[in-house]
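Reckoned from all heavy atoms, side chains included, excluding hydrogens, waters and symmetry mates. Order of the sequence lines sets the chain letters (A, B, ...), proteins ahead of strands, with each chain counted from 1.
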Amino acid sequence: MMEMLQLKSKALRLQSLDIAHTTSRGHIGSSFSITDVLVTMYYTDLFDATKDILLMGKGHACLPVYCILNDLGFIDNTLLAEYGTNGGRLGIQFDTTVPTIKYNTGSLGNVFGVGVGLRIANKYRVVCAIVGDGECEEGSIWETADFASRVCPGPMILIVDRNRLGIIQNIDDANLGKKFEAFGLLVKEVDGHNHAEIYNTLKTCFGLNVPSVVIANTVKGKGVSFMENNAIWHAGAMSEKQYLQAKEELQNG
Amino acid sequence: MVDIRDALFEQLYELGKEDPDVVILTADADAFALRKFKQEFPDRFYNMGVAEQNTILFATGLAMGGKKVFIYSIIPFITMRCFEQIKAQICSMNLPITIIGLGAGLSFSFDGPTHHALQDIGVMYQLPEMTIFNPSDNETAQTAITSAYIAETPHYIRLDKGVFPDNPGYVGADGIRQWTEWMPNGVNIITTGTMLHTVKKAVEGLNVGIIDVYRLKPFPDIVSDYTNEGIGYTLVVEEYSEVGGLYDLVKRCTEDSSALIQLALPHKQLFDYGEREWILEKYGLSQIAIRNKVEELL
């Protein structure tokens, strides 16, 4: 299974890179840091897009998700090609017209609270929310943290993509996990690029009857040397030369 | 004699008794009739505490999961503190969530401008998906909550505090109630909310048309039929700022707005403390002031 996930991650990064380069639209850095988590979820028994709900708080990392949904047959090639075009139905944020997507993204700090409500309403089997570490600066996250630990019957997972970079800020909060724990939440940390670790931890957490926070330690721009840990690639357009170099590194990586 | 809050929550209790999808969230606000719901359906009642953003988010998740959610809290905080979430979470997905705001106008008259509801109509009006009710009595309060329940779309209901006269036998239409015959070439009053009762008392014995707009958004088309007819005067009276309230809405649909006269509170945050009537009198919105204005026009 791990080999399959590796191959999928590689293919996904390459496809996202191509689309981002062709359209000059795409938050490549933010997308590459969360790619391995997304692959682990969508390509295993952890997540079924027809029964479960994934709230992408960091909706700007939509490109890998669109590619996954295309690969799984939910989005056809014609629709995928509309990304980044005038009047195209795939934006840089999700909306509920996209197949399997049930939530409009774009505003940060909200998916945790929404996730708790969804867990209690109990319409979906799995409820998972993915946020960035910059996103955790929003006060609303902490209003929910306090509420969730008291009220949520779980399992509901908040995954934090801790790539330690915002748009112009460094975010190195060593206390992030302790903060969530102080609010009474169960916290786990994983290497956000190790599929086995991600899989095992998420599997455990989805089996609990309390909510949990999984902090995925990641690298923004993972997979391309000049993008890694470089905030410029939060959302940047590549030159032809950069594109070719990135492509080569990903293919050989 | 029933407090307007209890009339609304009594109706919501009845709706919730039959429908297990009804969930009530309060940001630590209380009402007598609410306690009955809490007691009988404790798993459908949440006290969210002093956390408006999370309240909106939790409501969003519940509604996405099939629930019909009713939120109750004090107006300035539950509308404006978390306004961006109301827009992007509730409204953009057109969810069945109703915000019941307590303290229309100067209900909290000793608490200063942080507790006055003098900007909320304008603010909530900006949301394309939002329906806004401003009931004047128990009957319109119950109409508002029932409409909200049936529509299953974003709703905002402004609630007053206290006991207001019951009004049997009125003539109602979609969004308005016409109390007395409209005088196309005479003097008329358009009002909204509990100011209606002051207006009725103010013009007792005079031949003045009165319309009570109990639904502000969508704005009732029929109002323009009245205001565009004849050559009389229309006094628009509201316990609200002179910017962004009923007057602006009436003016927008009236061809000749020179016949419109505005009676409203000044566009200021009012650091006035006192009985509601005292503050209203200070700003020319007392029963006597309204009568004087009408007599002047007649």
Side-chain angles (χ1 to χ4, degrees), chain A residues 51-57 59 91 93-98 100-129 131 135-154 156 158 183 211, chain B residues 19-28 38 41-71 73 77-78 80-98 127-129 152-154:
Chain A
K51 294 195 188 81
D52 305 329
I53 187 163
L54 173 64
L55 304 165
M56 277 292 276
Q93 297 289 346
F94 295 100
D95 69 48
T96 56
T97 64
V98 177
T100 77
I101 298 300
K102 298 158 186 80
Y103 175 75
N104 294 344
T105 65
S107 175
L108 298 177
N110 301 307
V111 290
F112 194 11
V114 175
V116 174
L118 279 164
R119 178 71 280 156
I120 288 176
N122 214 22
K123 179 174 167 179
Y124 300 99
R125 188 190 66 143
V126 165
V127 178
C128 183
V131 296
E135 187 167 0
C136 291
E137 290 168 347
E138 285 283 4
S140 49
I141 293 276
W142 304 99
E143 284 188 24
T144 303
D146 181 54
F147 181 70
S149 61
R150 286 185 284 114
V151 155
C152 189
M156 193 243 130
L158 178 73
F183 281 91
Chain B
D19 185 349
D21 285 334
V22 168
V23 177
I24 299 182
L25 312 181
T26 153
D28 209 26
K38 179 182 175 180
F41 313 110
D43 55 335
R44 298 199 265 134
F45 179 93
Y46 291 86
N47 186 342
M48 304 301 295
V50 190
E52 292 80 8
Q53 292 180 84
N54 186 54
T55 301
I56 301 299
L57 301 179
F58 183 55
T60 298
L62 289 171
M64 284 169 68
K67 304 298 178 191
K68 294 162 201 163
V69 188
F70 297 83
I71 299 170
S73 184
F77 314 121
I78 200 60
M80 293 184 263
R81 195 79 171 239
C82 47
F83 180 74
E84 195 270 335
Q85 276 105 350
I86 296 174
K87 167 197 155 205
Q89 309 300 305
I90 295 178
C91 287
S92 96
M93 293 183 284
N94 220 29
L95 293 172
I97 298 173
T98 297
L127 300 168
E129 303 83 359
E152 295 188 23
T153 55

Check your understanding: Is it the backbone or the side chain of Ile141(A) that comes under 4.5 Å from a heavy atom of chain B, or both, or neither?
Key -> neither
Check your understanding: Considering only heavy atoms, which portion of Tyr103(A) lies under 4.5 Å from any heavy atom of chain B: side chain, backbone, both, or neither?
Key -> both
Revision key, fill the gap. Note: Ser107(A) and Ala88(B) closest approach over all heavy atoms is CB-CB, 4.3 Å
Point to revise | Lys68(B) atom NZ, neighbour heavy-atom count above 12 within 6.0 Å | key: yes
**Study point:** Between OG1 on residue Thr96(A) and CE on residue Met64(B), distance to nearest 0.5 Å
**Key:** 9.0 Å
Review point. What part of Glu84(B) gets closer than 4.5 Å to chain A, counting heavy atoms only: side chain, backbone, both or neither?
Key: side chain
Revision key, fill the gap. Correct closest heavy-atom pair for Leu57(B) and Ser140(A) would be CD1-CB, 4.2 Å
Review point. Quick one: what part of Val151(A) sits under 4.5 Å from any heavy atom of chain B, side chain, backbone, both or neither?
Key: side chain
Review point. Chain B: which of Leu55(A), Val116(A), Asn104(A) shares the most heavy-atom pairs with it under 4.5 Å?
Key: Asn104(A)
Study note, to complete from the structure: Lys123(A) and Gly65(B) have their tightest heavy-atom pair at CB-O, 3.8 Å
Review point. Where do Lys67(B) and Ile120(A) land on the side-chain contact (heavy atoms from CB on, under 4.5 Å) test, with the steps shown first?
Key: CA-CA 10 Å; Lys67(B) 304 298 178 191; Ile120(A) 288 176; over 6 Å; no
Point to revise | Asn110(A) CG to Thr60(B) OG1 distance, which is reported to the nearest 0.5 Å | key: 8.0 Å
Review point. For the residue pair Gln53(B) and Glu143(A), what are the closest heavy atoms and their distance?
Key: N-OE1, 3.3 Å
Review point. Can you tell me how far CE of Met93(B) sits from NZ of Lys102(A), rounded to the nearest 0.5 angstrom?
Key: 12.5 Å
